[in-house]
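This report concerns only the one structure given below.
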Amino acid sequence: MSATIKDIANKVGVAPSTVSRVLSNKTKYYNSLTAEKVKKAAEELGYKKNQAAVELVKRESNVIAAVVSSVKTNFAGEIIDGIQEEALKHGYDLIVVYAGSADPDEQKRALLTVIERPVMGILLLSIALGEDNLKLLKESQIPYCFLSMAFDDKRPFISSDDEEVGYKATKLLIDKGHRKIGLAGIDKYPYTGCLRLKGYKRALNEAGIVSKEDWIQTGDYSYLSGEKAMDQYGKDTDLTGIVAVSDMVAIGLLNKARNLGLNVPEDLSIVSIDGTEMCRIVQPQLTSVSQNFFEMGKSGVQRIEDIKKHKKLAHLQQMIPTRIEERQSIKGI
């Protein structure tokens, strides 16, 4: 077992409270000679400070918790990279806990994992909490912020404008001459999916395009959702363009289209939403409406830092700009 404060006190011949003050750099109630003896004894005994125990006693922490959706998308890594870089600047540590996207029991388990520990802030990545779990989060009095998900209430979030993202992707295809445009992989839950669907429909309406029911294929933003959507569209689809609601959906569409004998973009144009590095790895490279996930992560840590400084929970909501990156997966008609 590692040495304790009591072991150091016995070796030096002082009270444990004196050792504690020396090791905490509190300068009162001991002289420099005592401090020198205590530090030397600590080094000889191999003493290591138990930071977790200190935090439990003081109820203070330098740890930020990231609660991540377990849906199989690929953008969470970029957000975590942003969190990690900014956390290091402030001397904070990071722990990552995975939770289900919509399962309330999995959400609660993940929340309790971090709430029952002394953490200074919680960042929730692309997770829409149910009412009971949102109440649990608020009652913890730990500063928190949602990342990559926007809300219409007072919850603090940092996200892209999902309605605008859906609109931009659809309008890009319309501007290229496409009139029969699908939307693939969208979920049925409020917020992200509904907002992107709203943007998609707004762009079609502005162009006087009436969509068909089978143009919209639901899913969960995963690769499999893209494959299933393309199966539903089929080899003989009359669509000329598809908006994929994530890069993973877009790659599922791309690969399944190839298996069906369709060429992208000659037979079918695809626009992806997210714009992670996956868009550049596949062939043809995917045109995307790209989100700045790294900036979301950095801004999340900055938000927690601001709350820590001002000693109150913030209800600020921030939209991070997106950009269109044209690559090889679309063509005009």
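Heavy-atom basis, side chains included; hydrogens, waters and symmetry copies ignored.
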Count the heavy atoms of every other residue, nucleotide or ligand shown that sit under 6.0 Å from CG of Asp132, and state whether that count exceeds 12. no

Check whether more than 12 heavy atoms from other residues, nucleotides or ligands sit under 6.0 Å from atom CD of Glu266, and answer yes or no. yes

Taking the basic N atoms (NZ, or NE/NH1/NH2) and the acidic carboxylate oxygens, is any pair closer than 4.0 Å for [X] and [Y]?
| X | Y | answer |
| --- | --- | --- |
| Lys171 | Glu206 | no |
| Glu86 | Lys89 | yes |
| Asp105 | Arg109 | no |
| Glu164 | Arg202 | yes |

Taking salt bridge (Lys or Arg N to Asp or Glu O under 4.0 Å) as the cut-off, I'd like each qualifying pair that reaches into residues 140-153, sequence neighbours left out, listed once. Asp153-Arg155

Salt bridge (charged side-chain N to carboxylate O under 4.0 Å, His left out) partners of Asp214, counting only residues at least two apart: none

Going hydrophobic residue to hydrophobic residue with side-chain gaps under 4.5 angstrom, can you get from Val289 over to Ile251? yes

Run through Asn259, Leu262, Ile242, Val282 and flag the one making a side chain to side chain contact (heavy atoms under 4.5 Å, CB included) with Leu254. Val282

Taking Val165 as the fixed residue, which of Ile273, Thr170, Asp274 is the one that meets the side chain to side chain contact (heavy atoms under 4.5 Å, CB included) rule? Ile273

Got Lys198 and Lys201 here, is their nearest side-chain heavy-atom distance under 4.5 Å? no

